[in-house]
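A quick note: this is a predicted structure, and the numbers were derived from the prediction, not measured. Quick note on labels: first sequence line is chain A, next is B, and so on, each numbered from 1. Just so it is clear, the values below take in all heavy atoms, side chains as well, and ignore hydrogens, waters and symmetry mates.
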Amino acid sequence: MSITAPRPMDRAALAPVIARTPLARLRWAAADGWTVTLRGLTHWVREPGTLIGSLAFPVMMVLMFGYFFGGAMQVPGGGNYREFLVPGMFVMTMVFGMGETVTAVAADKNRGVTSRFRTMPMAPSAVVVGRAVTDMLSSLLALAVLFATGLAIGWEAHGTLGETTLAVGLLLLLRFALVWAGIYLGLLMKGPEGITMVQTLEFPIGFLTSAFVAPSTMPGWLGTIAEWNPLSSTVLAVRELFGNPGFGGDSWIAQHALLMAVVWPVVLCAVFFPLSVRRFRNLTS
Amino acid sequence: MDPTSTAVLAEGLRKRYGDRYALDGFDLRVPAGTVHGLLGPNGAGKTTSVGILSTLLKADGGRAEVAGHDVARQAAEVRASIGLVGQYAAVDEVLSGRQNLVMFGRLHHLSPAAARRRADELLEHFRLADTGKKPLKEYSGGMRRRLDLAASMVLAPPVLFLDEPTTGLDPRSRGEVWEAVRSLVDTGTTVLLTTQYLEEADQLADAVSVIDSGKVIAEGTPDELKSRIGGDRIDVVVRRADQLPAAAAALEQVCADRPDTDHDTRRISARVKDRTSALAGIVRALDAAGVAAEDIALRRPTLDEVFLHLTGTATATATGSGASGGTGDGAREAVAA
C-alpha cells in the first residue's frame, strides 16, 4: 500500500488560534462547548435507540407501578395513586439520567477521548459544558414525554402556570446537581463494572424516598432516612406545586420540602462541582 | 521550524506517585524533524513522560520544552503545537470518521468550512476517504488508528507524540500505521514514539532512548543499541534431538562463544561476530558433521535480550506476542535450510 503525498491546506489557514484576552476565552469556551454539545446531539441522530430507550424507560415504570401495583397502594391522606406516583417518577427520571452521564463520561475517559481533549488547544471547560447541556436537553425531553404520559393516565398539574413552571425548574435543578455527581463518578470509573453498580444503586436510592410510597409506611428508622433523602424533598415539593395528593408528614424536613428542594441540589453542586474539576485536572490517563 | 533546533527537551524531570518515583531525573533531547523512540518495560515511565510533555500531567521537578514552549508555563502554546496518539484510539465510536475529524477541526478553532475541508484532506491522506461516512464500529483496528493519527494532525502540528501506537494491532494494521507515521515524518513532523517493540523502533526511529525506573539508561541509534549486547545471533534447529550435541560442537568451532542448547525446541543459539562468513562456516561445519538442519537463521538480538542486558528485567509483553518475540520475525534474516 502507499499513502498519497500530503497536500496540506494553506499553512496560514491551519495556524493555531490561542485565546489571550478574557473575552476571547469566553467566546471560545462557548463555541467549544457548543461543538461538544453538537457531538452529543449527533449521537441521538446516529444511534436513536439509546435515546428512545431512555425516554421509554420512565414511561414503562410509571405504567407498571400505576397499573400492576397501583391497586394495592394507599395514598396517605387519600387520593389517586397514579396522581401520587407521577411526580415521583419525574424525580426518578432525573436519577436515571445521572446513569447516562456516568456512562458517557466513563466511556470518554477510558477510551482516551478525554485525554485527547485535554491536550488540544480548546477550552477545557467545553468537555463538561457539552456533557451538561446534552444531558439537560435529554432530561428535558424525557420530562416532556413523561408529562404527556401522565396526562394520558389521569395525572394533572392542578397548580397555576407559575407553580408548574417552578416545579419543572426544581426538577431540572436536581438534574443539574446530578450532572456534576455523574461527571465525578464517571471520572472515577475504571471499567464497565462500576457503571453497572451505579445503575443498580439508582433503584434502592430512588426507592428509599417518598417517590413510590409514603415514608410513614416504612419501618421508623428507614422512613426517617427516606425523608432525609435529598430526592424526597424534590418529590414532595413538586407534588405540592402540581397540587397532587399525598400528605408528606409532620417532620421538619417534610414541612420544608420547597426550601430543601433548592438547598439539597445546591449542596450537591457545591460538593461535586469542585470534586469534578479537581478530578478532571488531575486525570492521569 | 528550524531543522537544527530542538523540538522536545526534558531536563531532570521528576514525577512522584506516593513514595515511588515514576520519573526520577528524566533527560531527553529530540532534534526537530527526527523520530525518537522511547523504549522500556511496563512501568518504566514512558507514559508518564509523554503525559508531562503533552501537558496532561504536572511534573514535580525539572523542566521541559516542546516546540520551544515551556510545558508548565505555556501549556496553551504547547497544546497548539502538538498531537497526541495514546494507547487507545481516542475517537468517537458513534460518529463517522468524517464527523470525528470535523469535530476535532472545530475544536482546533477552524471555521466550519475550513474544518470540513481539512477533514476531507486528512481522510484522503490517511486513505480513509472511501469509509469516511461509515460509523467507526465498522472500522478495522488499523483504520481506527489511522483516523486517530489524522485527528492528531488537524493543525499539522510540528510535534507528534505516539504512545505505544501499535499495541494490540495485527501485523498488517501495524504496517499501515508505520506507513502513515513515515508519511508524516516526510512532511517534517517531529515524532516521539514510545514502544515495547524493538522492531517498531527499528522501523521508525532515528534514535532511541532506553528508559528504566524513570531514567534514561541508554541512548543511541537502534543499531548501536543492539550491538551493545554483542551483535548478531544465529539459531539452528536440528531435525532429530540426538543430533543436538554434534550440532553444538559444530557451532562452537565457528561462533564467538559457547552455544546455548534448548532441547524442547531442538534449537541451538550462539553469538556470531561476522554475520555472513559465520553463516557460510556454520553450513559447512554442520554438513561435515552430518547434521540435518531444519532451519538456520541469523537474527538481531531481540528486545528481550536487549532489556535483559541493559536492565536485568525482561519485558512482560515481548515474549510470545509475535511482534518482537523469540523468533524475531521482522529482525530475522532467515535462510531456509
Trainee: Parallel, tilted or perpendicular: which one describes the rings of A:W28 and B:H109, with boundaries at 30° and 60°?
Mentor: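 Rings of A:W28 and B:H109: parallel, under 30°.
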
Trainee: Contact part of B:S81 toward chain A, heavy-atom cut-off under 4.5 Å: side chain, backbone, both or neither?
Mentor: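 Contact with chain A involves no heavy atom of B:S81 at all.
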
Trainee: Within 45° of the axis and under 6.0 Å from the centre of the six-membered ring of A:F280, does NZ or CZ of A:R118 qualify?
Mentor: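 Yes, a cation-pi geometry.
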
Trainee: Check each atom of A:R27 against the heavy atoms of chain B and say whether the ones under 4.5 Å are side chain, backbone, both or neither.
Mentor: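 For A:R27, no heavy atom lies under 4.5 Å from chain B.
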
Trainee: Would you tell me whether B:E176 and B:S140 have side-chain atoms, one donor and one acceptor, within less than 3.5 Å of each other?
Mentor: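 No, no side-chain donor-acceptor contact under 3.5 Å.
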
Trainee: Quick check: do A:L55 and A:L141 have side-chain heavy atoms less than 4.5 Å from each other?
Mentor: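 The answer is yes, as the side chains (C-beta and beyond) meet within the 4.5 Å cut-off.
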
Trainee: Is B:E77 close to chain A through its backbone or its side chain, or both, or neither, when contacts mean heavy atoms under 4.5 Å?
Mentor: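 For B:E77, heavy atoms of backbone and side chain both lie under 4.5 Å from chain A.
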
Trainee: Side chain, backbone, both or neither: which part of B:V154 has a non-hydrogen atom closer than 4.5 Å to chain A?
Mentor: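 For B:V154, backbone heavy atoms alone lie under 4.5 Å from chain A.
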
Trainee: Pairing donors with acceptors under 3.5 angstrom, does anything connect the side chains of A:R25 and A:S125?
Mentor: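 No donor-acceptor contact under 3.5 Å links the two side chains.
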
Trainee: What option among A:R116, A:R111, A:M122 has the most heavy-atom pairs under 4.5 Å with chain B?
Mentor: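 Top option by heavy-atom pairs under 4.5 Å: A:R116.
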
Trainee: Chain A heavy atoms under 4.5 Å from B:S152: which part of the residue, side chain, backbone, both or neither?
Mentor: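 For B:S152, backbone and side chain are both near chain A.
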
Trainee: Would you mind checking which part of B:A75 comes under 4.5 Å of any heavy atom in chain A, side chain (CB onward), backbone (N, CA, C, O), both or neither?
Mentor: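 Contact with chain A is absent: no heavy atom of B:A75 under 4.5 Å.
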
Trainee: Sort B:K137 into side chain, backbone, both or neither according to what part of it lies under 4.5 angstrom from a heavy atom of chain A.
Mentor: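 Just the side chain, heavy atoms under 4.5 Å.
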
Trainee: Classify the ring geometry of A:F117 against B:F104: parallel below 30°, tilted from 30° to 60°, perpendicular beyond 60°.
Mentor: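 Ring orientation, 0 to 90° scale: tilted.
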
Trainee: Under 3.5 Å, is there a donor-acceptor pair linking the side chains of A:T35 and B:R106?
Mentor: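 Side-chain D/A pair, A:T35 to B:R106: absent.
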
Trainee: Between A:Y184 and A:F272, what is the ring plane arrangement, given parallel below 30°, perpendicular above 60°, and tilted in between?
Mentor: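 A:Y184 and A:F272: tilted rings.
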
Trainee: Side chain, backbone, both or neither: which part of B:D148 has a heavy atom under 4.5 Å from chain A?
Mentor: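 Its backbone and side chain both get close to chain A.
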
Trainee: Among B:G51, B:A151, B:G86, B:A89, who wins on heavy-atom pairs under 4.5 Å with chain A?
Mentor: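 The residue among B:G51, B:A151, B:G86, B:A89 with the greatest pair count is B:A151.
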
Trainee: Shorter than 4.5 Å, heavy atoms on both sides: which option in B:S111, B:S96, B:P135, B:G105 has the most such pairs with chain A?
Mentor: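 Between B:S111, B:S96, B:P135, B:G105, the count favours B:S96.
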
Trainee: Only pairs of heavy atoms separated by less than 4.5 Å count here; which of B:T55, B:I82, B:L84 has the most with chain A?
Mentor: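 Highest number of heavy-atom pairs under 4.5 Å: B:L84.
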
Trainee: Starting from the C-alpha separation in whole Å, work towards a yes-or-no answer on salt bridge (Lys or Arg N to Asp or Glu O under 4.0 Å) for B:K133 and B:E138.
Mentor: CA-CA 10 Å; B:K133 293 209 165 62; B:E138 294 171 30; over 6 Å; no

Trainee: Against chain B, label A:D108 side chain, backbone, both or neither, depending on which of its atoms sit under 4.5 Å from a heavy atom there.
Mentor: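 For A:D108, there is no contact with chain B at all, as no heavy atom is under 4.5 Å.
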
Trainee: Between B:H108, B:K58, B:Q87, which residue shows the highest count of heavy-atom pairs closer than 4.5 Å to chain A?
Mentor: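 The answer is B:H108.
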
